[in-house]
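What follows is a single structure, written as structure tokens, with notes after it.
The figures that follow rest on heavy atoms only: side chains count, while hydrogens, waters and symmetry mates do not.
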Amino acid sequence: MQTPAPLTAVLAQIGTRFPALTDDPVMAESLTENVVSMISDAHARYAAGAETSVVSDAYLDPTHLATGALHAEHAQHPAGAMLAAEVLFDAYLPVFVDEVGASTTEELLRATRALHAGIWSRFPAGAIAYTEALRQRVTTANLDSRTRIARDLHDRVAHGVLAGLQRLDLVLLTDPPADARTEQLEAAGRLLRSALADVQDLAVALHARVGEDLLDDAVRRHVADLFPGDDLLTVTTTGSPARLPNWKAEEALTIVLEALTNRRKHAPGSRCTVSFTWSTHDVVIAVADDGPGFDRGDRADGRLGQHTMRERAAVIGAVLDVSSAPGAGTAVRLTVPKGSM
């Protein structure tokens, strides 16, 4: 089906003002289908003599819910579509009035209501679907975080405590010579201190907050707390830092700290740089180390960590890229849009 010329012109105008809705082929196809459907619905409403523009009775239309889910999948906030709808209504109203042949005041009012209803009917369902998709992502990210914490408590903390206690039991039960006794007690102390450090790290990570700081300053503060004395870890900033919406900054901080924790687990002793590159529209945060790297298809716990980070990134409309290969180090790149949407 060929799109009418007046509608094509309006779609081009929307694409110029809101490129996120047209740059992606899937989003562009969805936009065209929805706009054509809106105009068709407006014509049907006008022809039926509808005297109202209230459309709340159709707020759970399955087709409109699917559109909202698609926008969430592509990290497109409903506000962007609503702004595009304003452009559509403003630009197409004269065309629509001419198409339906409205001339009297009553007909002009009916045409305006019909076009408004045809456009607006999509948004309640779309917003509901978008909110539900984000809620599911937050839930998934939180569940994955709980799984990771439980795994760390079991595999690292509990294992370290158990190993330390076994050394102490060995000393108490066997009464070894003084040298061996000292060696066993020192080993027990190292294991228990390591377990305590793991608990402290988990506590700091769980209470990580950006607060009143800029994001890069918050990362520096938490790096000093989590990795004291690590001269191989540096944080750099390029461009002019800006204050992100708090909900975005907090999620971004959590993702960065997760990447740094993974570096300590899997690439201890590696040189690592956290770089912030600020531009007009976004900030790119790169966490890169020169450690051993890994085959992304072989590390199950790496996949879980990446899945959690990707879910958190999706919630704030960010894009997460992870690259690694054996012997080539690991790089995590997070691109966060600066706007509130």
Side-chain angles (χ1 to χ4, degrees), residues 75 77 131 134-153 156-157 195-230 232-265 272-279 281-289 304-320 322 332-341:
H77 195 281
T131 301
L134 291 190
R135 187 191 66 80
Q136 185 59 46
R137 283 178 173 173
V138 171
T139 299
T140 300
N142 287 337
L143 288 175
D144 286 348
S145 293
R146 289 170 60 182
T147 299
R148 177 182 60 80
I149 292 169
R151 185 187 64 227
D152 286 346
L153 287 172
R156 295 167 56 195
V157 177
L196 175 61
D198 287 337
V199 172
Q200 291 172 327
D201 288 351
L202 285 172
V204 171
L206 287 173
H207 289 88
R209 292 291 183 273
V210 174
E212 297 300 319
D213 291 337
L214 294 171
L215 179 57
D216 40 4
D217 290 335
V219 169
R220 289 186 177 89
R221 171 163 49 83
H222 284 88
V223 162
D225 291 338
L226 286 168
F227 313 101
D230 190 343
L232 299 177
L233 175 56
T234 58
V235 181
T236 65
T237 298
T238 302
S240 301
R243 193 171 300 282
L244 296 174
N246 184 261
W247 59 282
K248 280 191 174 185
E250 297 294 349
E251 291 292 352
L253 174 63
T254 300
I255 294 168
V256 172
L257 294 182
E258 174 69 15
L260 290 173
T261 300
N262 286 339
R263 171 248 182 182
R264 180 167 60 185
K265 291 179 186 176
C272 179
T273 300
V274 182
S275 62
F276 287 81
T277 304
W278 295 87
S279 66
H281 302 293
D282 58 34
V283 55
V284 178
I285 311 163
V287 181
D289 67 58
L304 176 60
Q306 290 176 36
H307 177 69
T308 303
M309 289 191 288
R310 290 186 193 283
E311 289 292 340
R312 292 191 179 280
V315 168
I316 60 176
V319 177
L320 182 79
V322 179
V332 177
R333 178 185 173 94
L334 180 69
T335 303
V336 185
K338 291 166 67 173
S340 59
M341 293 189 294

Got [X] and [Y] here, is their nearest side-chain heavy-atom distance under 4.5 Å?
X	Y	result
Leu226	Leu260	no
Leu334	Val319	no
Pro241	Trp278	yes
Arg264	Asp230	no
Cys272	Val287	yes
Phe276	Val284	no

Minimum heavy-atom distance [X]-[Y], with the two atoms named:
X	Y	answer
Leu320	Ala313	CB-CB, 4.1 Å
Lys248	Ile316	CE-O, 3.3 Å
Pro337	Ala318	CD-CA, 4.0 Å
Asn246	Gly211	ND2-O, 4.1 Å
Ala249	Leu215	O-CD1, 3.6 Å

What's the spacing between Arg221 CZ and Arg209 CZ if we round to 0.5 Å?
10.5 Å
Pairwise distance CD(Glu258) to CG(Leu253) - rounded to 0.5 angstrom:
11.5 Å
Just do the side-chain contact (heavy atoms from CB on, under 4.5 Å) check on Thr277 and Val283 with the steps written out, would you?
CA-CA 6 Å; Thr277 304; Val283 55; 6.0 Å; no
Can you list the steps and then say if Val274 with Val235 is a side-chain contact (heavy atoms from CB on, under 4.5 Å)?
CA-CA 5 Å; Val274 182; Val235 181; 4.1 Å; yes
Under 3.5 Å, is there a donor-acceptor pair between the side chain of [X] and the main chain of [Y]?
X	Y	answer
Glu250	Val210	yes
Lys338	Ser279	yes
Arg263	Leu233	no

Take Ser275 and Arg333 through the side-chain hydrogen bond (donor to acceptor under 3.5 Å, both in side chains) test and state the conclusion after the steps.
CA-CA 9 Å; Ser275 62; Arg333 178 185 173 94; over 6 Å; no
side-chain hydrogen bond (donor to acceptor under 3.5 Å, both in side chains) for Asp216 and Thr237? Distances and angles first, verdict last.
CA-CA 7 Å; Asp216 40 4; Thr237 298; 3.0 Å; yes
Could you go through Arg220 and Thr234, starting from their C-alpha distance and side-chain angles, then the distance that decides it, and tell me whether this counts as side-chain contact (heavy atoms from CB on, under 4.5 Å)?
CA-CA 9 Å; Arg220 289 186 177 89; Thr234 58; over 6 Å; no
